[in-house]
Amino acid sequence: MGGILAQSVSAGINNIQSISYLSSKYDESYQEALSLAIAAARTKAEGMAQAAGCQLGEISALNEQSTYSEARYTDNALAEKTSMRAASMDTANVTIMPGELEVEASVIVEYGLLPGSGAQ
C-alpha cells in the first residue's frame with residue numbers, strides 16, 4: 001500500500017484523505033457481538049431480579065443500539081500526515097500501519113419479572 005501511495009504522489013496526487021480498512025468477516029463478528037451482548041444483558045438482569053426477590057420472565061422488548069458503519073476502520077493519522085504535505089512527503093519511506101478492528105454491539109433488553117419462589 002505504501003508503494004501505491006508513493007507512486008500516486010509521484011504521479012501528481014497532492015491530497016490523500018485517509019485509508020479505510022474493511023473486514024470480510026465484520027458482519028459475522030458483529031452477529032457474534034450481538035449474541036454476547038444479549039447473553040450479558042440476561043446475566044445482569046438475572047442478578048438484579050434475584051436481588052429484588054423475583055425471577056426473570058420472558059423478554060418483552062429487544063432493541064439494538066447500532067453504531068454500524070460502512071467504514072469499519074479509518075487511518076486518520078495518515079490523513080493528517082498527507083493532506084497538506086503530500087507533494088513534499090518522502091515517497092521512499094511511506095509506511096502504512098496495519099489496523100485493528102474492534103467490533104462492539106449494544107442492546108437494550110426488557111424482561112418481565114415473576115414473583116420469587118418465596119413471595120406471598
Side-chain angles (χ1 to χ4, degrees):
M1 187 65 175
I4 292 170
L5 289 175
Q7 289 173 3
S8 298
V9 170
S10 294
I13 300 258
N14 61 9
N15 189 355
I16 300 170
Q17 294 296 321
S18 67
I19 295 175
S20 295
Y21 298 89
L22 302 175
S23 170
S24 61
K25 298 196 179 242
Y26 185 88
D27 294 329
E28 179 183 316
S29 297
Y30 186 74
Q31 292 302 318
E32 181 181 349
L34 280 173
S35 295
L36 292 170
I38 291 170
R42 180 170 196 84
T43 299
K44 291 176 183 180
E46 286 173 341
M48 292 169 58
Q50 183 179 10
C54 300
Q55 292 182 0
L56 201 58
E58 297 295 319
I59 293 175
S60 60
L62 178 61
N63 294 296
E64 172 190 17
Q65 301 298 297
S66 179
T67 57
Y68 188 83
S69 172
E70 276 297 315
R72 314 292 209 258
Y73 173 87
T74 302
D75 186 354
N76 290 318
L78 177 68
E80 182 179 313
K81 290 179 192 175
T82 59
S83 64
M84 298 301 286
R85 303 177 302 155
S88 64
M89 66 189 276
D90 180 5
T91 57
N93 293 316
V94 176
T95 57
I96 305 301
M97 298 302 293
E100 290 185 7
L101 300 176
E102 185 171 304
V103 180
E104 295 180 355
S106 179
V107 294
I108 296 175
V109 185
E110 295 181 20
Y111 292 93
L113 290 176
L114 303 172
S117 58
Q120 299 289 329

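On a predicted model such as this, the values are computed, not experimentally measured, just so you know. Reckoned from all heavy atoms, side chains included, excluding hydrogens, waters and symmetry mates.
- Between Glu32 and Val103 there is no side-chain heavy-atom pair separated by less than 4.5 Å.
- Annotation for Glu46: atom CD counts as buried by contact number, over 12 foreign heavy atoms lying within 6.0 Å.
- No continuous path of hydrophobic side-chain contacts links Ile108 to Leu34 [ILVMFWY only; heavy atoms under 4.5 Å].
- Shortest non-hydrogen contact noted between Ala49 and Gln55 is CB-C, 4.2 Å.
- Criterion: ILVMFWY side-chain heavy atoms under 4.5 Å apart, direct or through other members. Under it, Val109 and Met48 are not part of a common hydrophobic cluster.
- Closest of all the heavy-atom pairs between Ala105 and Ala37 is O-CB, 3.8 Å.
- Hydrophobic cluster membership is shared by Tyr111 and Leu62, with clusters built from Ile, Leu, Val, Met, Phe, Trp and Tyr side chains linked at under 4.5 angstrom.
- Within the model, atoms NZ of Lys44 and CG of Leu56 stand 14.0 Å from one another, a figure rounded to the nearest 0.5 Å.
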